[in-house]
Amino acid sequence: MANHTPIWEVFVRAKNGLSHRHVGSVHAADASGAVQAARDVYTRRSEGVSLWVVPSGAITASDPGDADALFAPAEDKVYRHPTFYVVPDNVKHI
Amino acid sequence: MGPSPALSPLDLALRLGDDALILSHRLCEWSGHAPTLEIDLALSNIGLDLLGQAQFFLQHAGGLEGAGRDADALAYRREEHEFRNCLLVEQPNGDFARTMVRQFFFSSWQALRFEALADSADAEMAAIAAKAGKEVAYHVRFSAEWVVRLGDGTAESRRRVADGVNWLWRFVDELFTGEDSGLRPGWEAAAGATLAQAGLELPAPVRGVTGGREGRHSEHLGHLLAEMQYLQRTHPGAQW
């Protein structure tokens, strides 16, 4: 039985101004149940102010076999990193 | 309002504290046994919310009593007949459906009770009720959604939740005795609406089983207390 319960990916917004981040997944029969399960599993220590749940099946993932083609070309392009700038101390979350 | 004398502040604090304490223990019995990890955590969360409420109410009761007993002394060193919880909360968990119905019946009552208590002249009680009200709102939502999901689910889940309603219905009368009688219409309206969504109805009136508020409990409470109080009974005053 339990094996047929759909899986949902959980995203938590830690506080206003930050984006929702993926934190894990839960089993639930429907969307409202998934929000409850996410609340109980992932926010019991005040981790968040907002939750998203997305059916795992709705996520289209990149193929690990394509990793070279997709990601390797970026490796030698250091000039794309903003490391040539000084980030002011007061700017957080970059 | 019945002719019964008004409840003393001490009796009220004990009653609300014991309700929360005993149901908390029942919910934590699910720990490690719930159908899924998600539900296991959810039931423990609700249980811990209730334990927190119990601590506030019993600490306050100890202060009102003025005999030097704190929340721990009241929880762990009272006898069965000194507990003032309603019979509903001491009933065994049964299956998951019955646990959810019990939670829904009780939390729906607690929501109304705390709403009334938030206007209490006793500032401490009002503050506890205001804080606990937010927790209870979630307990109501969680249990109501499960009642609907099970009632509107498979033939088996529907049968189980209907069994839970019919079994627990006899303990509902006790929630509305004495000064709590005025809460009944609001409770029945809310509970009836949720049961209707689940494809169920409020059962016909039955002769309610009462006595918990006076310390006359079902056989189940003694077994529960034996487990809950074991450590303090064996090693009085133990701390860690």
Novice: Sorted by first residue and then second, give each salt bridge (Lys or Arg N to Asp or Glu O under 4.0 Å) pair with at least one member in residues 12-39 of chain B; sequence neighbours left out.
Specialist: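 Checked against salt bridge (Lys or Arg N to Asp or Glu O under 4.0 Å) - neighbours excluded - the pairs reaching residues 12-39 of chain B are Arg15(B)-Asp180(B), Asp18(B)-Arg78(B), Asp19(B)-Arg213(B), Arg26(B)-Glu29(B).
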Novice: Does Glu47(A) CD have over 12 foreign heavy atoms under 6.0 Å away?
Specialist: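 Enclosed: over 12 neighbouring heavy atoms sit under 6.0 Å from CD of Glu47(A).
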Novice: Count the heavy atoms belonging to other residues, nucleotides or ligands that lie under 6.0 Å from CZ of Arg233(B), then report whether that count exceeds 12.
Specialist: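 Counting neighbours around CZ of Arg233(B), more than 12 heavy atoms of other residues, nucleotides or ligands fall under 6.0 Å, so yes.
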Novice: Going from CG on Leu41(B) to CZ on Arg39(A), what distance comes out if it is rounded to the nearest 0.5 angstrom?
Specialist: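 Nearest 0.5 Å value for the CG-CZ distance: 11.0 Å.
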Novice: Counting only heavy atoms not in Lys134(B), do more than 12 fall under 6.0 Å of its NZ?
Specialist: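 No, not enclosed.
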Novice: With rounding to the nearest 0.5 angstrom, report the CG to CZ distance, Leu48(B) to Arg44(A).
Specialist: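 Nearest 0.5 Å value for the CG-CZ distance: 7.0 Å.
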Novice: Checking an interface table here. Which of residues 137-150 of chain B come within a heavy-atom distance under 4.5 Å of chain A?
Specialist: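 Expected list: Tyr138(B), Arg141(B), Phe142(B), Glu145(B), Trp146(B), Arg149(B).
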Novice: Considering residues, nucleotides and ligands other than Gln55(B), do more than 12 of their heavy atoms fall under 6.0 Å from its CD?
Specialist: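 Open.
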Novice: Could you tell me whether the side chain of Asn45(B) and the main chain of Asp40(A) form a donor-acceptor pair under 3.5 Å?
Specialist: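 Yes; at least one donor-acceptor contact below 3.5 Å.
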Novice: Atom CZ of residue position Phe56(B) - does it have more than 12 heavy atoms of other residues, nucleotides or ligands inside 6.0 Å?
Specialist: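 No, the 6.0 Å shell around CZ holds no more than 12 heavy atoms from other groups.
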